[in-house]
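Reading through the C-alpha coordinates given below for one structure.
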Amino acid sequence: MHGRMMFQPLLISNLLDHAARYHGDTAIISKNTDGSISKTDWTHVSENSKRFANALKNLGVQMHDRVATIAWNNHRHLESWYAISGSGFVCHTINPRLFPEQLIFIINDAKDRVVLFDKTFLPLITGVKAHIPQVEHFICLGAFDQDVADALPEVKFYDVLIAENSDQFEWPEFDENTASSLCYTSGTTGNPKGALYSHRSTVLHTYAICLPDSLNLSASDVMLPVVPMFHVNAWGTPYAAAMVGCTVVLPGPGLDGASLVQMIDEYKVTVALGVPTIWQGLLTAAKQAGSVLPSLQRNVVGGSACPPAMMKAFRDLFNCETIHAWGMTEMSPLGTSNQLKAKHRNLSEDEQFKIRLSQGRPPFGVDLRITTEEKGTTEVIRDGHNTGNLQVKGHWIISTYFGKDESALTSDGWFDTGDIASLNEDGYLYLSDRAKDLIKSGGEWISSVELENIAMGHPEIAMAAVIAAKHSKWDERPIVIAIKHKDAQITEEGLLEYFADKVAKWQIPDKAIFVEAIPLSGTGKMLKKDLREKYDSVLL
Ligand code: ADP
(Lines give C-alpha, C1' and ligand atoms only; values in the text may rest on other atoms or scores of the structure.)
Protein backbone atom coordinates (compact mmCIF):
# COMPACT_ATOMS: atom_id res chain seq x y z
CA MET A 1 0.00 0.00 0.00
CA HIS A 2 1.35 3.44 -0.94
CA GLY A 3 1.01 6.48 1.27
CA ARG A 4 -1.65 8.86 -0.02
CA MET A 5 0.35 12.02 -0.30
CA MET A 6 1.00 14.23 -3.29
CA PHE A 7 4.05 13.44 -5.33
CA GLN A 8 6.08 16.29 -6.70
CA PRO A 9 9.48 15.68 -8.24
CA LEU A 10 12.28 17.49 -6.37
CA LEU A 11 13.40 20.04 -8.97
CA ILE A 12 15.89 22.91 -8.81
CA SER A 13 13.41 25.25 -10.51
CA ASN A 14 11.11 24.86 -7.47
CA LEU A 15 13.79 26.50 -5.33
CA LEU A 16 13.84 29.61 -7.48
CA ASP A 17 10.03 29.76 -7.71
CA HIS A 18 9.87 29.58 -3.92
CA ALA A 19 12.43 32.35 -3.46
CA ALA A 20 10.65 34.60 -5.98
CA ARG A 21 7.21 34.05 -4.46
CA TYR A 22 8.05 34.23 -0.76
CA HIS A 23 11.26 36.27 -0.65
CA GLY A 24 10.91 38.31 -3.84
CA ASP A 25 12.22 41.59 -2.43
CA THR A 26 15.18 40.02 -0.62
CA ALA A 27 18.35 41.54 -2.02
CA ILE A 28 20.95 39.90 -4.22
CA ILE A 29 24.10 42.00 -4.33
CA SER A 30 26.67 41.29 -6.95
CA LYS A 31 30.11 42.61 -7.82
CA ASN A 32 30.42 42.69 -11.59
CA THR A 33 33.48 41.77 -13.58
CA ASP A 34 34.34 45.48 -13.99
CA GLY A 35 34.12 46.01 -10.21
CA SER A 36 30.78 47.84 -10.27
CA ILE A 37 27.96 46.66 -7.97
CA SER A 38 24.54 45.44 -9.15
CA LYS A 39 21.63 45.23 -6.74
CA THR A 40 18.79 42.96 -7.62
CA ASP A 41 16.42 40.62 -5.76
CA TRP A 42 14.94 37.13 -6.01
CA THR A 43 11.99 38.42 -8.12
CA HIS A 44 14.32 39.81 -10.75
CA VAL A 45 16.73 36.87 -10.58
CA SER A 46 13.74 34.63 -11.30
CA GLU A 47 12.48 36.84 -14.16
CA ASN A 48 15.90 37.01 -15.81
CA SER A 49 16.36 33.32 -15.32
CA LYS A 50 13.14 32.72 -17.27
CA ARG A 51 14.22 35.15 -19.97
CA PHE A 52 17.49 33.29 -20.31
CA ALA A 53 15.67 29.95 -20.36
CA ASN A 54 13.69 31.27 -23.36
CA ALA A 55 16.94 32.41 -24.97
CA LEU A 56 18.55 28.96 -24.58
CA LYS A 57 15.43 27.29 -25.95
CA ASN A 58 15.50 29.59 -28.98
CA LEU A 59 19.12 28.65 -29.57
CA GLY A 60 17.98 25.05 -29.87
CA VAL A 61 19.45 23.68 -26.65
CA GLN A 62 17.81 20.34 -25.87
CA MET A 63 17.02 18.40 -22.70
CA HIS A 64 20.25 16.96 -21.13
CA ASP A 65 22.56 19.16 -23.26
CA ARG A 66 25.53 20.50 -21.36
CA VAL A 67 25.87 24.26 -20.98
CA ALA A 68 29.18 25.36 -19.49
CA THR A 69 29.91 28.43 -17.41
CA ILE A 70 33.32 30.01 -16.84
CA ALA A 71 32.46 32.82 -14.48
CA TRP A 72 32.88 34.45 -11.09
CA ASN A 73 30.16 34.50 -8.48
CA ASN A 74 27.83 37.19 -9.83
CA HIS A 75 24.11 37.65 -10.48
CA ARG A 76 24.24 36.80 -14.20
CA HIS A 77 25.97 33.54 -13.36
CA LEU A 78 23.30 32.84 -10.71
CA GLU A 79 20.42 33.61 -13.09
CA SER A 80 21.89 31.53 -15.89
CA TRP A 81 22.62 28.43 -13.86
CA TYR A 82 19.02 28.34 -12.57
CA ALA A 83 17.91 28.78 -16.21
CA ILE A 84 20.13 25.91 -17.36
CA SER A 85 19.22 23.32 -14.72
CA GLY A 86 15.62 24.53 -14.50
CA SER A 87 15.20 23.86 -18.24
CA GLY A 88 16.45 20.28 -17.93
CA PHE A 89 19.92 21.09 -19.29
CA VAL A 90 23.10 20.31 -17.40
CA CYS A 91 24.97 23.24 -15.85
CA HIS A 92 28.67 22.51 -16.19
CA THR A 93 30.62 24.97 -14.06
CA ILE A 94 34.27 25.18 -15.08
CA ASN A 95 37.23 26.33 -13.01
CA PRO A 96 38.89 29.13 -15.00
CA ARG A 97 42.20 28.52 -13.26
CA LEU A 98 42.67 25.20 -15.05
CA PHE A 99 45.47 24.88 -17.55
CA PRO A 100 44.27 25.26 -21.17
CA GLU A 101 44.85 21.54 -21.86
CA GLN A 102 42.62 20.61 -18.91
CA LEU A 103 39.99 23.11 -20.01
CA ILE A 104 39.97 21.60 -23.50
CA PHE A 105 39.78 18.10 -22.07
CA ILE A 106 36.86 18.97 -19.79
CA ILE A 107 34.82 20.85 -22.40
CA ASN A 108 35.23 18.00 -24.90
CA ASP A 109 34.62 15.29 -22.32
CA ALA A 110 31.39 17.00 -21.26
CA LYS A 111 30.47 17.69 -24.92
CA ASP A 112 29.40 21.21 -23.97
CA ARG A 113 27.20 22.82 -26.65
CA VAL A 114 27.15 26.30 -25.17
CA VAL A 115 29.79 28.17 -23.15
CA LEU A 116 28.93 31.20 -21.01
CA PHE A 117 31.83 33.32 -19.82
CA ASP A 118 32.72 36.50 -17.98
CA LYS A 119 34.65 39.03 -20.02
CA THR A 120 37.74 38.42 -17.85
CA PHE A 121 38.01 34.95 -19.37
CA LEU A 122 37.85 36.02 -23.01
CA PRO A 123 41.57 35.26 -23.60
CA LEU A 124 41.00 31.79 -22.18
CA ILE A 125 38.12 31.20 -24.62
CA THR A 126 39.92 32.53 -27.69
CA GLY A 127 42.96 30.47 -26.68
CA VAL A 128 41.13 27.14 -26.60
CA LYS A 129 38.41 27.78 -29.20
CA ALA A 130 40.09 25.92 -32.05
CA HIS A 131 40.21 22.79 -29.90
CA ILE A 132 36.54 22.70 -28.83
CA PRO A 133 34.78 22.47 -32.19
CA GLN A 134 31.53 21.02 -30.84
CA VAL A 135 30.72 24.22 -28.91
CA GLU A 136 28.04 25.97 -30.97
CA HIS A 137 27.39 29.12 -28.96
CA PHE A 138 29.50 31.45 -26.86
CA ILE A 139 27.66 33.87 -24.61
CA CYS A 140 29.45 36.66 -22.77
CA LEU A 141 27.85 37.37 -19.39
CA GLY A 142 27.41 41.12 -19.80
CA ALA A 143 26.25 43.94 -22.05
CA PHE A 144 27.36 44.27 -25.68
CA ASP A 145 31.11 44.85 -25.80
CA GLN A 146 33.00 45.74 -28.95
CA ASP A 147 36.33 44.25 -27.76
CA VAL A 148 34.67 40.93 -27.09
CA ALA A 149 32.82 41.01 -30.43
CA ASP A 150 36.09 41.79 -32.26
CA ALA A 151 37.90 38.88 -30.63
CA LEU A 152 35.04 36.39 -30.95
CA PRO A 153 32.79 37.44 -33.86
CA GLU A 154 30.07 34.82 -33.27
CA VAL A 155 29.63 35.78 -29.58
CA LYS A 156 26.22 36.64 -28.11
CA PHE A 157 25.72 38.89 -25.10
CA TYR A 158 23.73 37.92 -22.04
CA ASP A 159 22.16 41.34 -21.49
CA VAL A 160 21.06 41.52 -25.14
CA LEU A 161 19.46 38.06 -24.92
CA ILE A 162 17.72 39.04 -21.68
CA ALA A 163 16.30 42.18 -23.32
CA GLU A 164 15.10 40.22 -26.37
CA ASN A 165 13.33 37.44 -24.51
CA SER A 166 10.14 37.29 -22.47
CA ASP A 167 9.98 36.44 -18.78
CA GLN A 168 6.96 34.24 -19.49
CA PHE A 169 8.24 30.71 -19.12
CA GLU A 170 6.92 27.62 -17.39
CA TRP A 171 9.68 25.50 -15.92
CA PRO A 172 9.27 22.01 -17.38
CA GLU A 173 8.45 19.14 -15.03
CA PHE A 174 10.50 15.97 -15.40
CA ASP A 175 11.88 13.02 -13.46
CA GLU A 176 13.72 14.21 -10.33
CA ASN A 177 16.61 11.86 -11.16
CA THR A 178 17.39 13.91 -14.29
CA ALA A 179 20.95 15.26 -14.38
CA SER A 180 21.18 18.89 -13.27
CA SER A 181 24.82 19.87 -13.06
CA LEU A 182 28.32 18.64 -13.64
CA CYS A 183 31.54 19.40 -11.74
CA TYR A 184 34.95 17.96 -12.45
CA THR A 185 37.38 16.99 -9.70
CA SER A 186 40.69 18.77 -9.86
CA GLY A 187 42.45 15.64 -11.10
CA THR A 188 45.82 15.99 -9.39
CA THR A 189 46.58 12.59 -10.88
CA GLY A 190 45.33 11.71 -14.34
CA ASN A 191 42.52 13.48 -16.12
CA PRO A 192 39.76 15.23 -14.18
CA LYS A 193 36.61 13.19 -13.66
CA GLY A 194 33.05 14.50 -13.72
CA ALA A 195 30.53 14.22 -10.89
CA LEU A 196 27.04 14.47 -12.40
CA TYR A 197 24.44 15.61 -9.86
CA SER A 198 20.68 15.14 -10.20
CA HIS A 199 17.80 17.42 -9.27
CA ARG A 200 16.86 15.04 -6.49
CA SER A 201 20.38 14.80 -5.05
CA THR A 202 20.74 18.57 -5.23
CA VAL A 203 17.46 19.38 -3.48
CA LEU A 204 18.09 16.81 -0.73
CA HIS A 205 21.62 18.16 -0.24
CA THR A 206 20.15 21.66 -0.05
CA TYR A 207 17.78 20.69 2.76
CA ALA A 208 20.68 19.14 4.64
CA ILE A 209 23.06 22.08 4.38
CA CYS A 210 20.45 24.52 5.69
CA LEU A 211 19.93 22.54 8.93
CA PRO A 212 20.93 24.13 12.24
CA ASP A 213 23.75 21.63 12.77
CA SER A 214 24.99 22.23 9.22
CA LEU A 215 25.24 25.86 8.06
CA ASN A 216 22.24 26.98 10.13
CA LEU A 217 20.78 29.16 7.37
CA SER A 218 17.62 31.23 7.52
CA ALA A 219 15.80 34.12 5.87
CA SER A 220 17.52 36.51 8.26
CA ASP A 221 20.97 35.70 6.91
CA VAL A 222 23.14 37.70 4.57
CA MET A 223 25.33 35.10 2.92
CA LEU A 224 28.69 35.66 1.24
CA PRO A 225 29.78 32.61 -0.76
CA VAL A 226 33.45 33.34 -1.30
CA VAL A 227 33.85 29.77 -2.45
CA PRO A 228 33.40 29.99 -6.21
CA MET A 229 30.36 28.63 -8.00
CA PHE A 230 32.81 26.51 -10.01
CA HIS A 231 34.03 24.84 -6.79
CA VAL A 232 31.28 22.25 -6.28
CA ASN A 233 28.53 24.79 -6.95
CA ALA A 234 29.81 27.12 -4.24
CA TRP A 235 29.21 24.18 -1.88
CA GLY A 236 25.53 24.31 -2.81
CA THR A 237 24.97 27.68 -1.16
CA PRO A 238 23.14 29.42 -4.03
CA TYR A 239 20.50 26.65 -3.85
CA ALA A 240 20.34 26.93 -0.07
CA ALA A 241 19.95 30.71 -0.31
CA ALA A 242 16.85 30.24 -2.49
CA MET A 243 15.48 27.56 -0.19
CA VAL A 244 15.65 29.78 2.91
CA GLY A 245 15.25 33.09 1.05
CA CYS A 246 18.30 34.87 2.39
CA THR A 247 20.27 37.73 0.90
CA VAL A 248 23.27 36.72 -1.16
CA VAL A 249 26.34 38.88 -1.60
CA LEU A 250 28.26 37.67 -4.64
CA PRO A 251 31.88 38.86 -4.53
CA GLY A 252 32.67 38.62 -8.26
CA PRO A 253 36.41 38.69 -8.89
CA GLY A 254 37.12 40.41 -5.53
CA LEU A 255 38.46 37.47 -3.53
CA ASP A 256 41.32 39.35 -1.85
CA GLY A 257 41.07 40.10 1.86
CA ALA A 258 40.53 43.83 1.50
CA SER A 259 37.63 43.45 -0.97
CA LEU A 260 36.01 40.86 1.28
CA VAL A 261 36.30 43.03 4.41
CA GLN A 262 34.67 45.86 2.48
CA MET A 263 31.80 43.66 1.23
CA ILE A 264 31.21 42.12 4.67
CA ASP A 265 31.10 45.48 6.41
CA GLU A 266 29.10 47.33 3.76
CA TYR A 267 26.41 44.67 3.28
CA LYS A 268 26.38 43.38 6.87
CA VAL A 269 27.20 39.82 5.94
CA THR A 270 26.23 37.32 8.67
CA VAL A 271 27.68 34.11 7.21
CA ALA A 272 30.60 33.66 4.81
CA LEU A 273 32.08 30.50 3.30
CA GLY A 274 35.49 29.67 1.88
CA VAL A 275 38.73 27.69 2.01
CA PRO A 276 41.41 28.46 4.66
CA THR A 277 43.67 30.45 2.29
CA ILE A 278 40.79 32.92 1.76
CA TRP A 279 40.41 33.44 5.51
CA GLN A 280 44.13 33.94 5.90
CA GLY A 281 43.87 36.89 3.50
CA LEU A 282 40.79 38.22 5.25
CA LEU A 283 42.40 38.10 8.72
CA THR A 284 45.35 40.18 7.57
CA ALA A 285 43.15 42.65 5.70
CA ALA A 286 40.69 43.09 8.57
CA LYS A 287 43.54 43.88 10.96
CA GLN A 288 44.93 46.41 8.49
CA ALA A 289 41.51 48.02 7.97
CA GLY A 290 40.90 48.07 11.74
CA SER A 291 37.60 46.23 11.27
CA VAL A 292 36.22 43.67 13.72
CA LEU A 293 33.61 42.54 11.17
CA PRO A 294 30.73 43.32 13.55
CA SER A 295 28.01 41.72 11.41
CA LEU A 296 29.80 38.40 10.82
CA GLN A 297 28.26 35.68 13.02
CA ARG A 298 29.81 32.61 11.43
CA ASN A 299 32.29 31.56 8.80
CA VAL A 300 32.36 28.16 7.22
CA VAL A 301 35.80 26.70 6.59
CA GLY A 302 36.17 23.68 4.35
CA GLY A 303 38.12 22.31 1.43
CA SER A 304 41.24 21.90 3.60
CA ALA A 305 41.67 21.50 7.33
CA CYS A 306 40.96 24.61 9.39
CA PRO A 307 44.09 25.49 11.40
CA PRO A 308 43.22 25.89 15.11
CA ALA A 309 44.94 29.29 15.17
CA MET A 310 42.52 30.50 12.50
CA MET A 311 39.48 29.34 14.43
CA LYS A 312 40.83 31.09 17.55
CA ALA A 313 41.51 34.29 15.63
CA PHE A 314 37.94 34.42 14.31
CA ARG A 315 36.58 33.84 17.80
CA ASP A 316 38.86 36.27 19.62
CA LEU A 317 39.12 39.08 17.06
CA PHE A 318 35.67 39.02 15.46
CA ASN A 319 33.49 37.11 17.93
CA CYS A 320 32.72 34.88 14.95
CA GLU A 321 31.85 31.19 15.22
CA THR A 322 33.83 29.04 12.81
CA ILE A 323 32.02 26.05 11.37
CA HIS A 324 34.51 23.46 10.21
CA ALA A 325 33.10 21.38 7.37
CA TRP A 326 34.38 18.56 5.21
CA GLY A 327 33.24 17.32 1.85
CA MET A 328 34.28 16.67 -1.69
CA THR A 329 33.18 17.11 -5.29
CA GLU A 330 31.86 13.54 -5.34
CA MET A 331 29.61 14.42 -2.37
CA SER A 332 27.87 17.56 -3.70
CA PRO A 333 29.96 18.41 -1.46
CA LEU A 334 28.79 18.32 2.17
CA GLY A 335 29.83 15.28 4.21
CA THR A 336 30.17 16.66 7.73
CA SER A 337 29.97 19.95 9.61
CA ASN A 338 30.87 20.77 13.15
CA GLN A 339 28.37 21.80 15.80
CA LEU A 340 28.39 20.73 19.42
CA LYS A 341 25.80 18.46 21.00
CA ALA A 342 23.76 19.28 24.09
CA LYS A 343 26.00 17.08 26.23
CA HIS A 344 29.02 19.24 25.31
CA ARG A 345 27.49 22.37 26.81
CA ASN A 346 28.97 21.74 30.25
CA LEU A 347 32.48 21.20 28.99
CA SER A 348 35.13 23.84 29.51
CA GLU A 349 35.81 26.28 26.69
CA ASP A 350 39.07 24.45 25.94
CA GLU A 351 37.37 21.09 25.72
CA GLN A 352 34.64 22.50 23.48
CA PHE A 353 37.28 24.09 21.28
CA LYS A 354 38.97 20.71 20.82
CA ILE A 355 35.72 19.21 19.56
CA ARG A 356 35.13 22.18 17.27
CA LEU A 357 38.42 21.43 15.52
CA SER A 358 37.16 18.11 14.20
CA GLN A 359 35.59 18.08 10.73
CA GLY A 360 32.27 17.47 12.46
CA ARG A 361 29.54 14.88 12.06
CA PRO A 362 27.31 13.97 9.12
CA PRO A 363 23.79 15.30 8.64
CA PHE A 364 21.02 12.77 8.03
CA GLY A 365 21.55 11.62 4.47
CA VAL A 366 25.26 10.80 4.75
CA ASP A 367 26.70 7.74 6.45
CA LEU A 368 30.40 7.37 7.26
CA ARG A 369 32.66 4.42 8.02
CA ILE A 370 36.38 3.82 8.41
CA THR A 371 37.80 0.66 6.89
CA THR A 372 41.09 -1.10 7.31
CA GLU A 373 41.76 -1.13 3.58
CA GLU A 374 41.10 1.15 0.65
CA LYS A 375 37.99 -0.16 -1.11
CA GLY A 376 37.80 -2.72 1.72
CA THR A 377 34.71 -3.44 3.77
CA THR A 378 36.07 -4.29 7.24
CA GLU A 379 35.34 -1.47 9.68
CA VAL A 380 37.74 0.07 12.18
CA ILE A 381 36.26 0.73 15.62
CA ARG A 382 34.87 4.19 16.29
CA ASP A 383 37.04 5.34 19.18
CA GLY A 384 38.44 8.62 17.87
CA HIS A 385 41.94 7.14 17.59
CA ASN A 386 42.00 4.26 15.14
CA THR A 387 42.48 5.61 11.65
CA GLY A 388 41.70 4.06 8.30
CA ASN A 389 40.09 4.72 4.95
CA LEU A 390 37.10 7.02 5.06
CA GLN A 391 34.12 5.75 3.07
CA VAL A 392 30.73 7.36 2.57
CA LYS A 393 27.23 6.49 1.47
CA GLY A 394 24.16 8.62 0.95
CA HIS A 395 21.60 10.49 -1.15
CA TRP A 396 24.00 13.01 -2.69
CA ILE A 397 27.08 10.83 -3.19
CA ILE A 398 28.41 9.73 -6.55
CA SER A 399 27.76 6.23 -7.87
CA THR A 400 29.48 6.43 -11.28
CA TYR A 401 31.67 9.13 -12.81
CA PHE A 402 30.26 10.99 -15.80
CA GLY A 403 30.85 9.10 -19.03
CA LYS A 404 32.19 5.99 -17.26
CA ASP A 405 30.51 2.61 -17.08
CA GLU A 406 32.22 1.08 -14.08
CA SER A 407 30.88 1.76 -10.61
CA ALA A 408 32.87 4.12 -8.41
CA LEU A 409 31.86 2.13 -5.32
CA THR A 410 33.14 -0.73 -3.18
CA SER A 411 31.65 -4.20 -3.54
CA ASP A 412 29.08 -3.32 -0.86
CA GLY A 413 28.11 0.09 -2.22
CA TRP A 414 30.27 2.65 -0.41
CA PHE A 415 32.42 5.39 -1.94
CA ASP A 416 36.05 5.48 -0.82
CA THR A 417 37.04 9.13 -0.35
CA GLY A 418 40.82 8.72 -0.51
CA ASP A 419 41.01 10.35 2.91
CA ILE A 420 42.49 8.81 6.06
CA ALA A 421 40.51 9.54 9.20
CA SER A 422 39.05 8.32 12.47
CA LEU A 423 35.54 8.60 13.87
CA ASN A 424 34.73 8.91 17.55
CA GLU A 425 31.80 7.34 19.39
CA ASP A 426 29.60 10.35 18.56
CA GLY A 427 30.43 10.25 14.86
CA TYR A 428 32.79 13.24 14.88
CA LEU A 429 35.25 12.92 12.03
CA TYR A 430 38.97 13.57 12.56
CA LEU A 431 40.67 13.76 9.21
CA SER A 432 44.38 12.85 9.33
CA ASP A 433 45.24 13.41 5.73
CA ARG A 434 44.62 12.60 2.14
CA ALA A 435 46.05 9.13 1.65
CA LYS A 436 48.48 10.52 -0.91
CA ASP A 437 49.75 13.28 1.44
CA LEU A 438 50.47 11.04 4.45
CA ILE A 439 54.15 10.77 5.36
CA LYS A 440 55.54 7.30 5.91
CA SER A 441 58.54 7.45 8.20
CA GLY A 442 60.20 4.16 9.14
CA GLY A 443 56.92 2.29 8.80
CA GLU A 444 54.93 4.80 10.88
CA TRP A 445 52.44 7.26 9.41
CA ILE A 446 52.68 10.98 10.15
CA SER A 447 49.77 13.33 9.43
CA SER A 448 50.87 16.35 7.41
CA VAL A 449 47.68 18.18 8.43
CA GLU A 450 48.51 17.91 12.15
CA LEU A 451 51.99 19.33 11.61
CA GLU A 452 50.66 22.13 9.39
CA ASN A 453 48.14 23.10 12.05
CA ILE A 454 50.96 23.39 14.57
CA ALA A 455 53.18 25.45 12.25
CA MET A 456 50.32 27.80 11.43
CA GLY A 457 49.79 28.31 15.14
CA HIS A 458 53.16 30.06 15.34
CA PRO A 459 52.47 33.79 15.48
CA GLU A 460 55.13 34.55 12.86
CA ILE A 461 53.96 32.00 10.28
CA ALA A 462 51.36 32.95 7.68
CA MET A 463 51.04 29.65 5.84
CA ALA A 464 52.69 26.25 6.05
CA ALA A 465 52.68 23.03 4.08
CA VAL A 466 54.19 19.82 5.42
CA ILE A 467 55.28 17.26 2.87
CA ALA A 468 57.24 14.03 2.68
CA ALA A 469 60.86 14.27 1.57
CA LYS A 470 62.80 11.17 0.62
CA HIS A 471 65.13 9.89 3.34
CA SER A 472 67.89 7.29 3.02
CA LYS A 473 67.18 5.66 6.37
CA TRP A 474 63.49 6.32 7.11
CA ASP A 475 62.13 6.28 3.53
CA GLU A 476 60.29 9.54 4.12
CA ARG A 477 60.59 12.35 6.65
CA PRO A 478 58.39 15.41 7.09
CA ILE A 479 59.68 18.82 6.05
CA VAL A 480 57.83 22.09 6.46
CA ILE A 481 57.60 24.74 3.75
CA ALA A 482 56.45 28.01 5.30
CA ILE A 483 55.66 31.61 4.52
CA LYS A 484 56.61 34.07 7.28
CA HIS A 485 54.54 37.08 8.18
CA LYS A 486 56.02 40.40 7.09
CA ASP A 487 58.93 41.47 9.35
CA ALA A 488 59.00 38.09 11.14
CA GLN A 489 62.32 37.11 12.75
CA ILE A 490 61.77 33.38 13.05
CA THR A 491 64.61 31.04 12.06
CA GLU A 492 64.56 27.45 10.84
CA GLU A 493 65.65 26.20 14.29
CA GLY A 494 63.00 28.36 15.94
CA LEU A 495 60.22 26.85 13.87
CA LEU A 496 61.42 23.27 14.38
CA GLU A 497 61.76 23.83 18.14
CA TYR A 498 58.17 25.07 18.17
CA PHE A 499 57.03 21.50 17.44
CA ALA A 500 58.99 20.04 20.38
CA ASP A 501 56.31 20.04 23.10
CA LYS A 502 53.45 19.46 20.66
CA VAL A 503 54.18 16.14 18.95
CA ALA A 504 56.28 13.04 19.57
CA LYS A 505 59.94 13.64 18.83
CA TRP A 506 60.01 11.37 15.77
CA GLN A 507 57.20 13.39 14.18
CA ILE A 508 59.04 16.72 14.30
CA PRO A 509 59.94 17.80 10.75
CA ASP A 510 63.60 17.40 9.75
CA LYS A 511 63.79 20.70 7.97
CA ALA A 512 62.00 24.02 7.55
CA ILE A 513 62.27 25.99 4.33
CA PHE A 514 60.99 29.55 4.15
CA VAL A 515 59.48 30.65 0.85
CA GLU A 516 57.72 33.74 -0.52
CA ALA A 517 54.76 31.80 -1.91
CA ILE A 518 53.21 28.33 -1.85
CA PRO A 519 51.54 27.23 -5.10
CA LEU A 520 47.75 27.00 -4.80
CA SER A 521 45.27 24.94 -6.81
CA GLY A 522 42.42 26.52 -8.74
CA THR A 523 40.24 26.18 -5.67
CA GLY A 524 42.79 27.77 -3.32
CA LYS A 525 44.31 24.64 -1.78
CA MET A 526 48.05 24.17 -1.30
CA LEU A 527 49.46 22.13 -4.17
CA LYS A 528 51.52 19.65 -2.20
CA LYS A 529 52.22 17.59 -5.30
CA ASP A 530 54.15 20.53 -6.80
CA LEU A 531 56.00 21.05 -3.52
CA ARG A 532 56.95 17.38 -3.38
CA GLU A 533 58.32 17.57 -6.91
CA LYS A 534 60.45 20.54 -5.93
CA TYR A 535 61.67 19.58 -2.45
CA ASP A 536 61.49 15.80 -2.55
CA SER A 537 65.30 15.35 -2.48
CA VAL A 538 66.38 18.03 0.01
CA LEU A 539 67.23 15.47 2.70
CA LEU A 540 69.24 13.10 0.51
P1 ADP B 1 40.03 18.92 -5.05
O2 ADP B 1 40.69 19.28 -3.76
O3 ADP B 1 40.66 17.75 -5.72
O4 ADP B 1 39.70 20.09 -5.86
P5 ADP B 1 37.60 18.56 -3.65
O6 ADP B 1 37.33 20.00 -3.52
O7 ADP B 1 36.51 17.63 -3.95
O8 ADP B 1 38.64 18.31 -4.75
O9 ADP B 1 38.42 18.12 -2.37
C10 ADP B 1 38.00 17.15 -1.48
C11 ADP B 1 39.08 16.85 -0.51
O12 ADP B 1 39.49 18.02 0.19
C13 ADP B 1 38.68 15.90 0.56
O14 ADP B 1 38.74 14.57 0.12
C15 ADP B 1 39.70 16.20 1.66
O16 ADP B 1 40.92 15.55 1.42
C17 ADP B 1 39.91 17.68 1.50
N18 ADP B 1 39.11 18.40 2.48
C19 ADP B 1 37.92 18.98 2.31
N20 ADP B 1 37.50 19.56 3.44
C21 ADP B 1 38.44 19.33 4.39
C22 ADP B 1 38.57 19.64 5.78
N23 ADP B 1 37.68 20.35 6.44
N24 ADP B 1 39.68 19.20 6.42
C25 ADP B 1 40.62 18.50 5.77
N26 ADP B 1 40.55 18.18 4.46
C27 ADP B 1 39.47 18.58 3.77
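Residue numbers count from 1 along this sequence. Computed from heavy atoms alone, side chains included, the values below leave out hydrogens, waters and symmetry copies. Quick caveat: nothing in here was measured; it's all calculated off a predicted structure. We count ligands from 1, going down the list as the structure has it; atoms in each ligand are counted the same way.
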- Option set Arg434, Glu330, Met331, criterion heavy-atom distance to atom 11 (C) of ligand 1, minimum: Arg434
- Item | Residue list, side chain to side chain donor-acceptor pair (under 3.5 Å) with Asp433, at least two apart or on another chain | Ser448
Any atoms of ligand 1 less than 4.0 Å from a non-hydrogen atom of [X]? List them with their elements.
X	result
Ala325	20 (N), 22 (C), 23 (N)
Leu431	25 (C), 26 (N)
Ala305	22 (C), 24 (N), 25 (C), 26 (N)

Does [X] come within less than 4.0 angstrom of ligand 1, counting non-hydrogen atoms of the residue?
X	answer
Gly303	yes
His231	yes
Ser521	no

- Task: Report the part of Ser304 in contact with ligand 1, treating N, CA, C, O as backbone and CB onward as side chain, heavy atoms under 4.0 Å; options are side chain, backbone, both, neither.
- Result: backbone
- Region of Met328 that comes within reach of ligand 1 [heavy atoms, distance under 4.0 Å]: both
- Item | salt bridge (Lys or Arg N to Asp or Glu O under 4.0 Å) against Glu349, all qualifying residues, sequence neighbours excluded | Arg315
Can you tell me if [X] and [Y] form a side-chain donor-acceptor pair at under 3.5 Å?
X	Y	result
Tyr428	Asn338	no
Thr322	Asn299	yes
Asn389	Glu374	no

- Residues, nucleotides or ligands: over 12 heavy atoms within 6.0 Å of Lys375 NZ: yes
- Looking only at heavy atoms, what is the nearest atom pair of Ser181 and Tyr239, with distance? OG-OH, 4.0 Å
